[in-house]
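Notes for the one structure printed next.
Side chains included, hydrogens not; waters and symmetry mates left out as well; all remaining heavy atoms used. Indexing begins at 1, ligand by ligand and atom by atom, following the structure's order.
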Amino acid sequence: METRHDFGSKIGAVLASAGSAVGLGNVWRFPTEVGNNGGAAFIFIYLLCIAFIGIPVMMSEFLIGRHTHTNTISAFAKLAPGKWWRIEGIAGVFVAFLILSYYIVISGWTLFYLIESVGGKLQADRDYSDVFNNFVSNPWMPVLAGVAFMAFTHFIIARGVQSGIEKSSKLMMPLLLFIIGILVVCSFGMPGSSKGLSFLLKPDFSKLTADVILSAVGQAFFSLSLAMGCLCTYASYFRADTNLPKTAVGVSVIDTVVAILSGFIIFPAVFSVDGVSVDAGPGLVFITLPSVFNIAFHHVPIIGYIFSAFFYLLLLLAALTSAISLHESVTAYVLEAFSLSRKRAAAAVSIACMTLGIVCSLSFGLLGDLKLFDMNIFELFDFTASKIILPIGGIIICLFTGWYLDRKLVESELTNQGKLRFKLFRIYYFIIRYVAPLAIAAVFLQEILS
Ligand code: TRP
(Lines give C-alpha, C1' and ligand atoms only; values in the text may rest on other atoms or scores of the structure.)
Protein backbone atom coordinates (compact mmCIF):
# COMPACT_ATOMS: atom_id res chain seq x y z
CA MET A 1 0.00 0.00 0.00
CA GLU A 2 1.14 3.54 -0.64
CA THR A 3 2.14 5.92 2.13
CA ARG A 4 -0.59 8.19 3.31
CA HIS A 5 -0.06 11.86 2.51
CA ASP A 6 -1.28 14.91 4.35
CA PHE A 7 -2.36 18.20 2.87
CA GLY A 8 0.92 20.09 2.74
CA SER A 9 -0.41 23.37 4.10
CA LYS A 10 -3.25 24.77 6.18
CA ILE A 11 -4.49 26.92 3.34
CA GLY A 12 -4.50 23.80 1.14
CA ALA A 13 -6.70 22.05 3.70
CA VAL A 14 -9.12 24.98 3.81
CA LEU A 15 -9.28 25.40 0.04
CA ALA A 16 -9.74 21.68 -0.64
CA SER A 17 -12.58 21.47 1.90
CA ALA A 18 -14.09 24.66 0.58
CA GLY A 19 -13.82 23.14 -2.89
CA SER A 20 -15.83 20.19 -1.71
CA ALA A 21 -18.47 22.45 -0.20
CA VAL A 22 -18.73 24.93 -3.06
CA GLY A 23 -20.47 23.08 -5.85
CA LEU A 24 -23.62 22.81 -7.90
CA GLY A 25 -25.36 23.22 -4.54
CA ASN A 26 -24.22 26.84 -4.30
CA VAL A 27 -24.53 28.08 -7.83
CA TRP A 28 -27.53 26.06 -8.92
CA ARG A 29 -29.44 24.66 -5.95
CA PHE A 30 -29.17 27.65 -3.60
CA PRO A 31 -30.63 30.24 -6.00
CA THR A 32 -33.36 27.75 -6.92
CA GLU A 33 -34.29 27.32 -3.27
CA VAL A 34 -34.19 31.08 -2.68
CA GLY A 35 -36.51 31.56 -5.64
CA ASN A 36 -38.91 28.89 -4.48
CA ASN A 37 -38.93 30.02 -0.87
CA GLY A 38 -39.46 33.74 -1.14
CA GLY A 39 -36.05 35.43 -1.17
CA ALA A 40 -34.47 37.34 1.73
CA ALA A 41 -36.38 35.68 4.56
CA PHE A 42 -35.13 32.27 3.39
CA ILE A 43 -31.56 33.57 3.29
CA PHE A 44 -31.88 34.82 6.86
CA ILE A 45 -32.98 31.40 8.11
CA TYR A 46 -30.32 29.73 6.00
CA LEU A 47 -27.60 31.77 7.71
CA LEU A 48 -28.87 30.67 11.11
CA CYS A 49 -28.77 27.03 9.98
CA ILE A 50 -25.17 27.37 8.80
CA ALA A 51 -24.05 28.96 12.05
CA PHE A 52 -25.92 26.79 14.51
CA ILE A 53 -26.13 23.42 12.80
CA GLY A 54 -23.76 23.32 9.84
CA ILE A 55 -20.58 24.47 11.54
CA PRO A 56 -20.90 22.19 14.60
CA VAL A 57 -21.65 19.15 12.42
CA MET A 58 -18.69 19.99 10.20
CA MET A 59 -16.43 20.17 13.25
CA SER A 60 -17.62 16.71 14.27
CA GLU A 61 -16.78 15.24 10.87
CA PHE A 62 -13.40 16.91 10.98
CA LEU A 63 -12.55 15.51 14.37
CA ILE A 64 -13.56 11.97 13.43
CA GLY A 65 -11.43 12.11 10.27
CA ARG A 66 -8.38 13.74 11.77
CA HIS A 67 -8.40 11.57 14.87
CA THR A 68 -8.40 8.33 12.90
CA HIS A 69 -6.37 9.31 9.82
CA THR A 70 -8.14 6.80 7.65
CA ASN A 71 -11.03 6.47 5.21
CA THR A 72 -14.58 6.94 6.47
CA ILE A 73 -15.49 3.27 6.83
CA SER A 74 -12.36 2.42 8.81
CA ALA A 75 -12.73 5.63 10.83
CA PHE A 76 -16.02 4.51 12.35
CA ALA A 77 -14.80 0.94 12.69
CA LYS A 78 -11.71 2.16 14.52
CA LEU A 79 -13.57 4.38 16.95
CA ALA A 80 -16.32 1.88 17.64
CA PRO A 81 -14.93 -1.60 17.00
CA GLY A 82 -17.55 -4.24 16.46
CA LYS A 83 -20.43 -1.78 16.89
CA TRP A 84 -23.26 -0.80 14.60
CA TRP A 85 -21.88 2.72 14.23
CA ARG A 86 -19.73 1.55 11.37
CA ILE A 87 -22.84 1.45 9.22
CA GLU A 88 -22.52 5.24 9.07
CA GLY A 89 -19.14 4.90 7.38
CA ILE A 90 -20.48 2.34 4.92
CA ALA A 91 -23.51 4.49 4.13
CA GLY A 92 -21.22 7.48 3.63
CA VAL A 93 -19.05 5.80 1.03
CA PHE A 94 -22.05 4.26 -0.68
CA VAL A 95 -23.85 7.59 -0.93
CA ALA A 96 -20.77 9.44 -2.14
CA PHE A 97 -20.67 6.88 -4.95
CA LEU A 98 -24.36 7.33 -5.68
CA ILE A 99 -24.22 11.12 -5.65
CA LEU A 100 -21.12 11.19 -7.83
CA SER A 101 -22.87 9.09 -10.45
CA TYR A 102 -25.61 11.66 -10.95
CA TYR A 103 -23.48 14.69 -10.13
CA ILE A 104 -21.41 13.94 -13.22
CA VAL A 105 -24.56 14.04 -15.34
CA ILE A 106 -25.35 17.65 -14.44
CA SER A 107 -21.65 18.48 -14.58
CA GLY A 108 -21.57 17.05 -18.09
CA TRP A 109 -24.47 19.31 -19.09
CA THR A 110 -22.48 22.22 -17.68
CA LEU A 111 -19.47 21.29 -19.77
CA PHE A 112 -21.65 21.15 -22.87
CA TYR A 113 -23.22 24.55 -22.10
CA LEU A 114 -19.76 26.01 -21.55
CA ILE A 115 -18.63 24.80 -24.97
CA GLU A 116 -21.83 26.07 -26.57
CA SER A 117 -21.50 29.49 -25.02
CA VAL A 118 -17.83 29.86 -25.89
CA GLY A 119 -18.82 28.96 -29.45
CA GLY A 120 -21.40 31.78 -29.37
CA LYS A 121 -24.37 29.41 -29.63
CA LEU A 122 -26.00 30.53 -26.39
CA GLN A 123 -26.21 34.11 -27.57
CA ALA A 124 -28.59 33.37 -30.42
CA ASP A 125 -32.38 33.68 -30.51
CA ARG A 126 -33.51 30.14 -29.80
CA ASP A 127 -36.17 28.48 -27.72
CA TYR A 128 -33.96 27.48 -24.80
CA SER A 129 -36.41 25.11 -23.34
CA ASP A 130 -36.32 23.09 -26.61
CA VAL A 131 -32.55 23.35 -26.71
CA PHE A 132 -32.33 21.87 -23.22
CA ASN A 133 -34.85 19.10 -23.75
CA ASN A 134 -33.34 18.04 -27.05
CA PHE A 135 -29.90 17.94 -25.53
CA VAL A 136 -30.66 15.92 -22.42
CA SER A 137 -32.76 13.37 -24.26
CA ASN A 138 -30.11 12.80 -26.93
CA PRO A 139 -28.54 9.36 -26.36
CA TRP A 140 -24.96 10.41 -27.11
CA MET A 141 -24.11 13.98 -26.32
CA PRO A 142 -24.85 14.10 -22.57
CA VAL A 143 -23.15 10.75 -22.06
CA LEU A 144 -20.07 11.95 -23.89
CA ALA A 145 -20.03 15.15 -21.87
CA GLY A 146 -20.35 13.18 -18.62
CA VAL A 147 -17.48 10.87 -19.60
CA ALA A 148 -15.30 13.88 -20.40
CA PHE A 149 -16.07 15.41 -17.02
CA MET A 150 -15.32 12.14 -15.25
CA ALA A 151 -11.98 11.98 -17.04
CA PHE A 152 -10.97 15.36 -15.54
CA THR A 153 -12.01 14.21 -12.09
CA HIS A 154 -10.17 10.94 -12.48
CA PHE A 155 -6.99 12.63 -13.62
CA ILE A 156 -6.84 14.81 -10.49
CA ILE A 157 -7.64 11.98 -8.08
CA ALA A 158 -5.07 9.69 -9.66
CA ARG A 159 -2.36 12.30 -9.02
CA GLY A 160 -2.90 12.01 -5.32
CA VAL A 161 -3.65 14.13 -2.27
CA GLN A 162 -0.96 16.79 -2.54
CA SER A 163 -0.23 17.10 -6.21
CA GLY A 164 -3.78 16.31 -7.31
CA ILE A 165 -6.43 17.48 -4.86
CA GLU A 166 -4.51 20.16 -2.97
CA LYS A 167 -2.77 21.67 -5.97
CA SER A 168 -5.90 21.79 -8.10
CA SER A 169 -7.92 23.37 -5.27
CA LYS A 170 -5.28 26.04 -4.77
CA LEU A 171 -5.59 26.87 -8.44
CA MET A 172 -9.32 26.48 -8.99
CA MET A 173 -10.74 28.09 -5.85
CA PRO A 174 -9.10 31.52 -6.30
CA LEU A 175 -10.05 31.42 -9.98
CA LEU A 176 -13.61 30.62 -9.02
CA LEU A 177 -13.79 33.58 -6.63
CA PHE A 178 -12.34 35.86 -9.29
CA ILE A 179 -14.95 34.75 -11.84
CA ILE A 180 -17.71 35.36 -9.33
CA GLY A 181 -16.50 38.95 -8.97
CA ILE A 182 -16.70 39.51 -12.74
CA LEU A 183 -20.16 37.98 -12.93
CA VAL A 184 -21.57 40.09 -10.09
CA VAL A 185 -20.47 43.20 -11.99
CA CYS A 186 -22.06 41.93 -15.24
CA SER A 187 -25.30 41.15 -13.46
CA PHE A 188 -25.56 44.52 -11.73
CA GLY A 189 -24.96 46.14 -15.07
CA MET A 190 -28.18 44.68 -16.51
CA PRO A 191 -30.98 47.23 -16.83
CA GLY A 192 -33.68 46.64 -14.21
CA SER A 193 -31.43 44.67 -11.91
CA SER A 194 -32.60 46.55 -8.80
CA LYS A 195 -35.78 44.45 -8.60
CA GLY A 196 -33.60 41.39 -8.14
CA LEU A 197 -31.63 43.13 -5.43
CA SER A 198 -34.66 43.96 -3.38
CA PHE A 199 -35.86 40.36 -3.72
CA LEU A 200 -32.58 39.29 -2.16
CA LEU A 201 -32.26 41.99 0.46
CA LYS A 202 -35.76 42.87 1.73
CA PRO A 203 -37.05 40.04 3.88
CA ASP A 204 -40.77 39.40 3.87
CA PHE A 205 -41.18 37.37 7.04
CA SER A 206 -44.81 36.63 6.26
CA LYS A 207 -43.45 34.13 3.73
CA LEU A 208 -41.80 32.08 6.47
CA THR A 209 -43.48 28.72 6.90
CA ALA A 210 -42.25 25.53 8.53
CA ASP A 211 -41.54 24.23 5.06
CA VAL A 212 -39.22 27.14 4.27
CA ILE A 213 -37.29 26.60 7.48
CA LEU A 214 -36.90 22.91 6.78
CA SER A 215 -35.73 23.55 3.23
CA ALA A 216 -33.07 25.85 4.66
CA VAL A 217 -31.72 23.11 6.93
CA GLY A 218 -31.62 20.66 4.03
CA GLN A 219 -29.86 23.13 1.78
CA ALA A 220 -27.27 23.90 4.47
CA PHE A 221 -26.39 20.22 4.74
CA PHE A 222 -26.11 19.65 1.04
CA SER A 223 -24.13 22.79 0.46
CA LEU A 224 -21.61 22.16 3.22
CA SER A 225 -21.04 18.54 2.00
CA LEU A 226 -22.06 17.21 5.39
CA ALA A 227 -23.06 13.80 6.65
CA MET A 228 -21.48 11.64 3.98
CA GLY A 229 -17.93 11.33 5.09
CA CYS A 230 -16.55 13.58 2.38
CA LEU A 231 -15.18 16.08 4.85
CA CYS A 232 -14.25 13.24 7.18
CA THR A 233 -12.02 11.84 4.45
CA TYR A 234 -10.47 15.23 3.78
CA ALA A 235 -9.91 15.79 7.50
CA SER A 236 -7.98 12.52 7.61
CA TYR A 237 -5.38 14.37 5.54
CA PHE A 238 -5.28 17.38 7.91
CA ARG A 239 -2.10 17.84 9.89
CA ALA A 240 -1.94 17.66 13.68
CA ASP A 241 -1.63 21.44 13.99
CA THR A 242 -4.70 22.28 11.87
CA ASN A 243 -7.20 24.25 13.94
CA LEU A 244 -10.44 22.32 13.36
CA PRO A 245 -13.00 24.87 14.65
CA LYS A 246 -11.33 27.68 12.70
CA THR A 247 -11.15 25.58 9.53
CA ALA A 248 -14.84 24.70 9.83
CA VAL A 249 -15.74 28.37 10.20
CA GLY A 250 -13.49 29.35 7.27
CA VAL A 251 -14.96 26.71 4.97
CA SER A 252 -18.52 27.61 5.93
CA VAL A 253 -17.90 31.32 5.38
CA ILE A 254 -16.46 30.71 1.91
CA ASP A 255 -19.33 28.39 1.03
CA THR A 256 -21.96 30.86 2.22
CA VAL A 257 -20.38 33.85 0.52
CA VAL A 258 -20.28 31.94 -2.77
CA ALA A 259 -23.93 30.90 -2.41
CA ILE A 260 -25.10 34.43 -1.69
CA LEU A 261 -22.99 35.94 -4.43
CA SER A 262 -24.46 33.39 -6.84
CA GLY A 263 -27.82 34.79 -5.82
CA PHE A 264 -26.49 38.27 -6.60
CA ILE A 265 -25.41 37.04 -10.01
CA ILE A 266 -28.60 35.26 -10.93
CA PHE A 267 -31.48 37.31 -9.55
CA PRO A 268 -30.63 40.81 -10.77
CA ALA A 269 -30.12 39.27 -14.21
CA VAL A 270 -33.30 37.21 -14.12
CA PHE A 271 -35.42 40.09 -12.82
CA SER A 272 -34.10 42.33 -15.56
CA VAL A 273 -36.12 40.28 -18.05
CA ASP A 274 -39.89 40.56 -17.95
CA GLY A 275 -41.92 37.41 -17.98
CA VAL A 276 -39.20 35.12 -16.69
CA SER A 277 -40.09 33.54 -13.41
CA VAL A 278 -37.67 33.17 -10.51
CA ASP A 279 -39.01 29.87 -9.32
CA ALA A 280 -38.24 28.02 -12.53
CA GLY A 281 -36.71 25.17 -10.54
CA PRO A 282 -33.81 23.14 -11.87
CA GLY A 283 -34.28 24.67 -15.30
CA LEU A 284 -33.19 28.05 -13.89
CA VAL A 285 -29.59 27.58 -14.90
CA PHE A 286 -30.08 25.74 -18.20
CA ILE A 287 -33.26 27.33 -19.56
CA THR A 288 -33.96 30.68 -17.88
CA LEU A 289 -30.39 31.94 -17.77
CA PRO A 290 -29.58 31.28 -21.44
CA SER A 291 -32.61 33.39 -22.33
CA VAL A 292 -31.27 36.13 -20.06
CA PHE A 293 -27.81 35.87 -21.64
CA ASN A 294 -29.41 36.14 -25.04
CA ILE A 295 -31.14 39.38 -24.05
CA ALA A 296 -27.96 40.72 -22.45
CA PHE A 297 -26.22 39.94 -25.72
CA HIS A 298 -28.72 42.07 -27.60
CA HIS A 299 -28.05 44.99 -25.26
CA VAL A 300 -24.26 44.85 -25.11
CA PRO A 301 -22.84 41.84 -27.03
CA ILE A 302 -19.54 41.66 -25.21
CA ILE A 303 -21.21 41.62 -21.78
CA GLY A 304 -23.66 38.95 -22.91
CA TYR A 305 -20.80 36.83 -24.19
CA ILE A 306 -18.58 37.18 -21.13
CA PHE A 307 -21.53 36.70 -18.84
CA SER A 308 -22.59 33.38 -20.31
CA ALA A 309 -19.16 31.87 -20.91
CA PHE A 310 -17.90 32.77 -17.45
CA PHE A 311 -21.07 31.62 -15.78
CA TYR A 312 -20.74 28.07 -17.10
CA LEU A 313 -17.04 28.08 -16.38
CA LEU A 314 -17.88 28.99 -12.79
CA LEU A 315 -20.41 26.21 -12.57
CA LEU A 316 -17.94 23.74 -14.04
CA LEU A 317 -15.14 24.64 -11.61
CA ALA A 318 -17.53 24.43 -8.68
CA ALA A 319 -18.79 21.03 -9.83
CA LEU A 320 -15.29 19.71 -10.43
CA THR A 321 -13.92 20.48 -6.96
CA SER A 322 -16.97 18.83 -5.38
CA ALA A 323 -16.86 15.80 -7.64
CA ILE A 324 -13.21 15.37 -6.65
CA SER A 325 -14.19 15.17 -2.98
CA LEU A 326 -16.94 12.65 -3.66
CA HIS A 327 -14.54 10.56 -5.74
CA GLU A 328 -11.84 10.76 -3.08
CA SER A 329 -14.05 9.47 -0.29
CA VAL A 330 -14.75 6.34 -2.31
CA THR A 331 -11.22 5.99 -3.66
CA ALA A 332 -9.64 6.38 -0.20
CA TYR A 333 -11.72 3.44 0.96
CA VAL A 334 -11.04 1.20 -2.05
CA LEU A 335 -7.34 2.02 -1.91
CA GLU A 336 -6.93 1.31 1.79
CA ALA A 337 -9.31 -1.61 2.13
CA PHE A 338 -8.01 -3.58 -0.85
CA SER A 339 -4.38 -2.42 -0.65
CA LEU A 340 -4.45 -1.18 -4.24
CA SER A 341 -2.30 1.50 -5.78
CA ARG A 342 -3.98 4.91 -6.01
CA LYS A 343 -4.12 4.72 -9.80
CA ARG A 344 -5.86 1.37 -9.75
CA ALA A 345 -8.28 2.31 -7.01
CA ALA A 346 -9.16 5.55 -8.78
CA ALA A 347 -9.67 3.71 -12.08
CA ALA A 348 -11.99 1.16 -10.49
CA VAL A 349 -14.08 3.90 -8.92
CA SER A 350 -14.18 6.00 -12.09
CA ILE A 351 -15.28 3.10 -14.25
CA ALA A 352 -17.94 1.88 -11.84
CA CYS A 353 -19.27 5.36 -11.31
CA MET A 354 -19.27 6.18 -14.98
CA THR A 355 -21.29 3.07 -15.74
CA LEU A 356 -23.94 4.11 -13.28
CA GLY A 357 -23.67 7.68 -14.51
CA ILE A 358 -24.47 6.59 -18.06
CA VAL A 359 -27.62 4.89 -16.84
CA CYS A 360 -28.57 8.10 -14.99
CA SER A 361 -27.90 10.19 -18.03
CA LEU A 362 -30.01 7.97 -20.26
CA SER A 363 -32.92 8.31 -17.85
CA PHE A 364 -33.63 11.66 -19.52
CA GLY A 365 -34.08 9.95 -22.89
CA LEU A 366 -33.83 6.28 -23.85
CA LEU A 367 -34.56 4.99 -20.35
CA GLY A 368 -37.08 7.69 -19.53
CA ASP A 369 -39.91 5.22 -19.12
CA LEU A 370 -38.10 3.20 -16.51
CA LYS A 371 -39.72 4.49 -13.33
CA LEU A 372 -39.99 3.52 -9.72
CA PHE A 373 -42.33 5.40 -7.37
CA ASP A 374 -42.97 7.76 -10.24
CA MET A 375 -39.30 8.82 -10.42
CA ASN A 376 -36.81 8.16 -13.18
CA ILE A 377 -33.42 6.70 -12.27
CA PHE A 378 -31.76 10.08 -11.88
CA GLU A 379 -34.50 11.36 -9.60
CA LEU A 380 -34.50 8.13 -7.65
CA PHE A 381 -30.76 8.39 -6.95
CA ASP A 382 -31.07 12.01 -5.92
CA PHE A 383 -34.03 11.25 -3.71
CA THR A 384 -32.45 8.26 -1.98
CA ALA A 385 -29.16 10.04 -1.42
CA SER A 386 -30.11 13.53 -0.41
CA LYS A 387 -33.53 13.01 1.11
CA ILE A 388 -33.05 9.71 2.92
CA ILE A 389 -29.47 8.67 3.58
CA LEU A 390 -28.08 12.19 4.04
CA PRO A 391 -30.36 13.28 6.88
CA ILE A 392 -30.09 9.93 8.64
CA GLY A 393 -26.31 10.18 8.30
CA GLY A 394 -26.39 13.66 9.80
CA ILE A 395 -28.30 12.47 12.82
CA ILE A 396 -25.95 9.53 13.31
CA ILE A 397 -22.88 11.78 13.19
CA CYS A 398 -24.39 14.01 15.88
CA LEU A 399 -25.31 11.08 18.10
CA PHE A 400 -21.94 9.45 17.53
CA THR A 401 -19.90 12.50 18.56
CA GLY A 402 -22.33 13.79 21.17
CA TRP A 403 -23.29 10.57 22.92
CA TYR A 404 -21.00 7.70 21.94
CA LEU A 405 -17.53 9.26 21.78
CA ASP A 406 -15.85 10.16 25.04
CA ARG A 407 -16.27 13.87 25.74
CA LYS A 408 -12.57 14.12 26.55
CA LEU A 409 -11.59 12.73 23.17
CA VAL A 410 -13.86 15.21 21.41
CA GLU A 411 -12.55 18.18 23.36
CA SER A 412 -8.95 17.11 23.04
CA GLU A 413 -9.21 16.65 19.26
CA LEU A 414 -10.91 20.02 18.77
CA THR A 415 -8.26 21.80 20.85
CA ASN A 416 -5.29 19.86 19.40
CA GLN A 417 -4.70 18.10 22.72
CA GLY A 418 -5.17 21.24 24.76
CA LYS A 419 -2.77 23.35 22.70
CA LEU A 420 -5.54 25.62 21.40
CA ARG A 421 -8.33 27.33 23.24
CA PHE A 422 -11.85 26.63 22.09
CA LYS A 423 -14.01 28.81 24.29
CA LEU A 424 -17.30 27.81 22.78
CA PHE A 425 -16.82 24.09 23.40
CA ARG A 426 -19.79 23.82 25.77
CA ILE A 427 -22.11 25.45 23.30
CA TYR A 428 -20.79 23.19 20.56
CA TYR A 429 -21.34 20.14 22.71
CA PHE A 430 -24.88 21.14 23.59
CA ILE A 431 -25.74 21.71 19.93
CA ILE A 432 -24.28 18.42 18.81
CA ARG A 433 -26.11 16.47 21.51
CA TYR A 434 -29.53 18.07 21.30
CA VAL A 435 -30.15 20.90 18.86
CA ALA A 436 -28.67 19.50 15.67
CA PRO A 437 -30.04 15.94 15.82
CA LEU A 438 -33.53 17.19 16.66
CA ALA A 439 -33.47 19.80 13.93
CA ILE A 440 -32.33 17.30 11.33
CA ALA A 441 -34.90 14.77 12.48
CA ALA A 442 -37.56 17.42 11.93
CA VAL A 443 -36.41 18.01 8.35
CA PHE A 444 -36.29 14.36 7.64
CA LEU A 445 -39.78 13.63 8.92
CA GLN A 446 -41.16 16.59 7.04
CA GLU A 447 -39.60 15.41 3.77
CA ILE A 448 -40.84 11.89 4.23
CA LEU A 449 -44.37 12.90 5.21
CA SER A 450 -44.75 15.26 2.27
N1 TRP B 1 -21.54 20.40 -1.35
C2 TRP B 1 -21.54 20.10 -2.75
C3 TRP B 1 -22.39 21.14 -3.46
O4 TRP B 1 -22.71 22.14 -2.90
C5 TRP B 1 -22.03 18.72 -3.06
C6 TRP B 1 -21.36 17.69 -2.26
C7 TRP B 1 -20.07 17.28 -2.35
C8 TRP B 1 -21.95 16.95 -1.21
N9 TRP B 1 -19.80 16.35 -1.42
C10 TRP B 1 -20.94 16.13 -0.69
C11 TRP B 1 -23.21 16.96 -0.65
C12 TRP B 1 -21.20 15.31 0.40
C13 TRP B 1 -23.46 16.14 0.44
C14 TRP B 1 -22.47 15.34 0.96
O15 TRP B 1 -22.71 20.96 -4.59
Can you check whether Phe30 reaches Ile266 side chain to side chain, under 4.5 Å on heavy atoms? no

Which ligand 1 atoms, with their elements, are less than 4.0 angstrom from a heavy-atom of Leu326? 7 (C), 9 (N), 10 (C)

Check Ser225 against ligand 1 and report side chain, backbone, both or neither, counting heavy atoms closer than 4.0 Å. both

Any salt bridge linking Glu328 with Arg342? Criterion: basic side-chain nitrogen under 4.0 Å from a carboxylate oxygen. yes

Among Ala21, Ser322, Ser20, Cys232, closest by heavy atom to atom 4 (O) of ligand 1 is Ala21

With backbone taken as N, CA, C and O and side chain as the heavy atoms from C-beta onward, which portion of Val95 lies under 4.0 Å from ligand 1: side chain, backbone, both, or neither? neither

Short N/O distance, under 3.5 Å, between Leu24 and ligand 1? yes

Do Glu336 and Thr70 meet the criterion of a side-chain donor-acceptor pair at a distance under 3.5 Å? yes

So, Asn26 and Asp255: side-chain donor and acceptor under 3.5 Å apart, yes or no? yes

Passing candidate, ring-ring contact (aromatic ring centres under 6.0 Å, His included) with Phe293, options Phe307, Tyr128, Tyr113, Phe286: Phe307

What protein heavy atom is closest to atom 5 (C) of ligand 1, reported as residue, atom name and distance in Å? Tyr103 OH, 3.7 Å

With heavy-atom distances below 4.0 Å as the criterion, list the atoms of ligand 1 near Asn26. 4 (O)

Shortest protein heavy-atom distance from atom 11 (C) of ligand 1, along with the residue and atom involved: Phe222 O, 3.3 Å

With distance as the sole criterion, is a donor-acceptor pair present between the side chains of Ser20 and Ser225 under 3.5 Å? yes

Between His67 and Glu413, a side-chain donor and acceptor under 3.5 Å: yes

For Leu226 and ligand 1, does the shortest N/O to N/O distance drop below 3.5 Å? no

